[in-house]
There are 2 protein chains.
Amino acid sequence: MSELVSKADALDAADELAAARKQFVLDDEVVYLDGNSLGALPVNVPGRVEDVVRRQWGELRIRSWDESGWWTAPERIGDRIAPLVGAAPGRIVVGDSTSVNVFKALVAAVRLAGDDRDEILVDATTFPTDGYIAESAARMTGRTLRPVTPAEVPGALGDRTAAVLLNHVDYRTGRLHDLPSLTAAVHAAGAYVVWDLCHSAGALPVGLDEHGVDLAVGCTYKYLNGGPGSPAYLYVRQGLQDRFDSPLPGWNSHADPFGMRGDFAPAQGALRGRVGTPDILSMLALEAALEVWDGVSIKAVRAKSLALTDFFLECVAAYVPEGRVESVTPVAHAERGSQVALRCEGAGDVMKALIERGVVGDFRRPDVLRFGFTPLYVGFADVERAARVLAQVL
Amino acid sequence: MSELVSKADALDAADELAAARKQFVLDDEVVYLDGNSLGALPVNVPGRVEDVVRRQWGELRIRSWDESGWWTAPERIGDRIAPLVGAAPGRIVVGDSTSVNVFKALVAAVRLAGDDRDEILVDATTFPTDGYIAESAARMTGRTLRPVTPAEVPGALGDRTAAVLLNHVDYRTGRLHDLPSLTAAVHAAGAYVVWDLCHSAGALPVGLDEHGVDLAVGCTYKYLNGGPGSPAYLYVRQGLQDRFDSPLPGWNSHADPFGMRGDFAPAQGALRGRVGTPDILSMLALEAALEVWDGVSIKAVRAKSLALTDFFLECVAAYVPEGRVESVTPVAHAERGSQVALRCEGAGDVMKALIERGVVGDFRRPDVLRFGFTPLYVGFADVERAARVLAQVL
């Protein structure tokens with residue numbers, strides 16, 4: 001037994017989150033390192049979904065909007081996500097896609113900033129949809145969009161800055177950006193910040209309330225395991241909720257939705273971020289999926305995440321011949337999310353070969369192998385095996 | 001046996017759609033006349049959803065985006081809806097809520113109309129969300145919103161009109177508006193029309209292509225039985241697809257979504273109306289639900305719908321004492337959707353009593369009892385019973 005195999009065994013034996021793996025449907029033949037794209041299925045989800053379909057919809061039908069808690073699901077599930085991102089209850093509402101929530105948040109941020117501020121800064125390295133939606137938000141609010149790297153943000157801020165849209169963890173490199181200091185810098189310039197938490201929520205502490213983040217959005221199908229395309233969420237800081245002015249004021253965000261009034265009067269609190277009828281099947285699957293977090297400390301998740309990525313880099317360094325791969329993920333813990341991205345020649349074919357051998361990551365053009373480490377169900381033996389198979393493939 | 005009971009039996013015996021009822025989960029003790037709010041559960045949906053959850057998500061995981069057809073679901077399911085609303089393949093994409101699609105369609109319509117046209121007409125009697133979203137679309141495109149009744153539309157159209165948002169069937173009264181002639185009037189004024197089909201699709205022929213409708217949206221959880229909050233759809237006329245300029249250009253509407261490019265280049269065709277990651281559980285439940293339409297003629301559905309509402313009005317007239325209820329649904333077939341709305345004193349309490357006695361409709365403030373007739377699973381004996389119980393309650 002190699003030294004790294006022994007080390008993996010020891011790390012797994014000491015892993016306080018090891019038991020969480022039992023809460024997921026997994027195949028022991030497969031090392032699933034793509035939970036940063038689609039989280040694995042929690043074991044309690046199929047039964048819940050069946051109940052929602054057969055009993056709540058099939059038997060209770062329309063009564064379920066009230067009796068099965070469908071109507072209040074967006075804010076109830078928001079409160080369930082809240083502790084995972086450091087938010088108090090009443091700050092988060094679930095619904096719509098991440099893209100749609102980026103639009104709501106960014107337009108609302110620009111409106112909060114007022115007419116004198118005419119510039120929106122957006123992370124030029126971000127997941128593309130954020131940039132496309134930011135461009136639309138800028139166009140529709142008459143602002144100028146200025147793409148900058150996160151490192152350039154402090155220097156680019158000024159009196160003209162209305163809002164800044166940033167990704168907490170870069171989807172490609174896995175770089176973790178400094179949310180507290182960037183948020184403080186944006187505030188010092190008198191602007192508003194929108195954070196996209198897609199690649200951080202459920203993998204590391206976010207501290208939305210603590211750091212005074214204005215608005216945030218995130219998906220729920222990566223580290224939160226909500227299922228394919230499960231609804232995203234929107235966070236609005238308490239002090240801004242009364243002034244949150246949504247560009248998508250659907251009837252679900254009305255103060256009296258069943259009054260069916262012609263004039264719009266916004267609801268109070270986070271549910272002002274709702275729009276249309278919530279997507280119940282996906283939403284209640286997500287609600288069940290979130291139960292795996294009961295009793296889980298997000299600090300413990302972060303500690304294990306860093307241990308997993310450290311160990312993966314160690315195994316890759318030991319197994320893979322020098323020069324065949326280059327990590328583009330920062331070495332410093334303070335700058336690392338929960339994934340490792342390796343640049344590699346022929347990365348597309350390499351990933352295909354890995355998947356054939358039971359190691360599932362993903363490929364991001366042009367040359368990146370992306371491996372996501374989900375602390376609730378990935379163990380250290382998985383990590384060692386993944387690096388070993390990678391070396392074999394190369 | 002009363003004459004109306006005999007008549008119901010005869011109508012049921014001659015009903016060519018009677019067999020469709022077997023495709024739904026229904027309780028024979030209940031007369032469900034709320035399918036215009038939430039359609040009943042088709043029997044093939046629970047098994048399909050279980051497969052999506054357990055096998056596609058649980059076992060195939062990320063591979064399902066390709067192998068299980070998740071990625072192409074929005075346009076594939078759009079093509080499945082297309083024949084129900086008179087559209088050729090490639091015109092409809094499924095996803096997001098109706099409210100979000102109203103926003104996409106109306107902003108796109110205004111942009112098509114050009115800068116010289118500064119007014120948006122909206123049906124003042126419409127379902128409120130359309131009005132709220134229209135107000136936001138007007139605000140964000142610098143246009144003026146002008147609420148008018150559908151009857152006032154022809155007189156209100158002019159050189160200033162950019163776009164007109166209309167409901168095909170009024171959600172409250174069940175009045176069917178004249179889509180062909182209103183569409184022609186809007187076009188004669190050089191403007192663009194957006195139709196909301198929530199209360200008509202699946203209940204009567206729409207003829208989107210035939211009548212040259214520009215844009216349309218609709219929900220799928222009423223007559224299309226997609227389940228609670230199932231995703232809505234967006235229709236874009238073929239001749240406009242190249243110029244369709246979405247206010248929500250998410251990565252799913254990019255010509256090369258996995259290129260992860262910084263610049264937005266819109267896809268061709270209906271899928272330009274996509275935004276973010278599609279909500280797979282709800283979407284594939286909808287896909288299964290749409291199978292009940294295989295071999296069903298929408299003309300036969302319309303014929304039965306009118307027969308059902310005619311018979312309901314006949315039974316109400318026979319059973320309910322004069323003056324206790326007043327129908328606000330037009331008598332003329334050409335002006336009637338697939339519901340009957342009765343004004344009634346104490347309508348809220350009356351509906352509660354009806355539901356206790358197994359007749360499920362709904363109540364719309366301030367004084368409307370709303371009964372929806374879904375031809376695929378409501379029969380004439382149901383109709384007779386509903387009217388009889390209503391008379392007992394009153």
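Basis for what follows: all heavy atoms, side chains included, without hydrogens, waters or symmetry-related copies. Order of the sequence lines sets the chain letters (A, B, ...), proteins ahead of strands, with each chain counted from 1.
Of the listed residues B:Glu135, B:Glu50, B:His254, the one with more heavy-atom pairs under 4.5 angstrom with chain A than any other is B:His254. Residue with the most contacts toward chain B among A:Gly131, A:Ala137, A:Ser97, A:Pro249: A:Pro249 (heavy-atom pairs, distance under 4.5 Å). In terms of heavy-atom pairs under 4.5 angstrom with chain A, the leader among B:Pro228, B:Gly276, B:Pro46 is B:Pro228. If you tally non-hydrogen atom pairs under 4.5 Å between each of B:Pro247, B:Ser253, B:Ser230 and chain A, the highest count goes to B:Pro247. Here B:Asp279 is the residue among B:Asp279, B:Val53, B:Asn252 with the most heavy-atom pairs under 4.5 Å with chain A. Of the listed residues (A:Ala40, A:Pro42, A:Ser37), the one with the most heavy-atom contacts under 4.5 Å to chain B is A:Ala40. Between chain B and the residues A:Gln56, A:Met260, A:Arg54, the most heavy-atom pairs under 4.5 angstrom are made by A:Met260. Annotation: maximal heavy-atom pairing with chain A below 4.5 Å, among B:Tyr32, B:Phe103, B:Trp70, occurs at B:Tyr32. Between chain A and the residues B:Ala124, B:Pro147, B:Pro128, the most heavy-atom pairs under 4.5 angstrom are made by B:Pro128.
Using a 4.5 Å cut-off between heavy atoms, A:Asp245 touches chain B through its side chain atoms alone. For B:Val43, no part lies near chain A; criterion is any non-hydrogen pair under 4.5 Å. For A:Phe258, the parts sitting under 4.5 Å from any heavy atom of chain B are the backbone and the side chain alike. Of the atoms belonging to B:Val107, it is side-chain heavy atoms, and not backbone ones, that fall under 4.5 Å from chain A. For B:Tyr221, the part sitting under 4.5 Å from any heavy atom of chain A is the side chain, from C-beta outward, and nothing else. With a 4.5 angstrom heavy-atom cutoff, B:Val102 does not touch chain A via any of its atoms. With a 4.5 Å cut-off on non-hydrogen atoms, A:Arg274 does not touch chain B at all. Both the backbone and the side chain of A:Tyr132 have a heavy atom closer than 4.5 Å to some heavy atom of chain B. Neither the backbone nor the side chain of B:Asp362 comes within contact range of chain A; no heavy atoms are under 4.5 Å apart. For a residue to count as touching a neighbouring chain, one of its non-hydrogen atoms must lie under 4.5 Å from one of that chain's; by this rule A:Val360 touches chain B with the side chain only. Only the backbone of A:Pro278 comes within less than 4.5 Å of a heavy atom in chain B; its side chain stays farther off. Only the side chain of B:Arg365 comes within contact range of chain A, with heavy atoms under 4.5 Å apart.
Using a 4.5 Å heavy-atom cut-off against chain B, the contacting residues of residues 59-66 of chain A are A:Arg61, A:Ile62, A:Trp65.
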Quiz item: Could you go step by step and tell me if A:Leu38 and B:Trp57 meet the side chain to side chain contact (heavy atoms under 4.5 Å, CB included) rule?
Solution: CA-CA 9 Å; A:Leu38 176 65; B:Trp57 173 15; 4.0 Å; yes
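Other residues, nucleotides and ligands place more than 12 heavy atoms under 6.0 Å from the CG atom of A:Asn44. A 6.0 Å sphere centred on CG of B:Asp256 holds more than 12 heavy atoms belonging to other residues, nucleotides or ligands.
B:Met140 contributes atom CE, which lies 7.0 Å from atom OG of A:Ser136 (distance to the nearest 0.5 angstrom). Separating the CZ atom in A:Arg55 from the CG atom in B:Leu41 is a distance of 13.0 Å, to the nearest 0.5 Å.
Checked against B:Val275 for a side chain to side chain contact (heavy atoms under 4.5 Å, CB included), the options A:Asp96, A:Val100, A:Thr98 give a single hit: A:Val100.
With contacts defined as side-chain heavy-atom distances shorter than 4.5 Å, the pair A:Ser282/B:Leu281 qualifies.
A:Asp27 pairs by the salt bridge (Lys or Arg N to Asp or Glu O under 4.0 Å) definition with nothing, not counting sequence neighbours.
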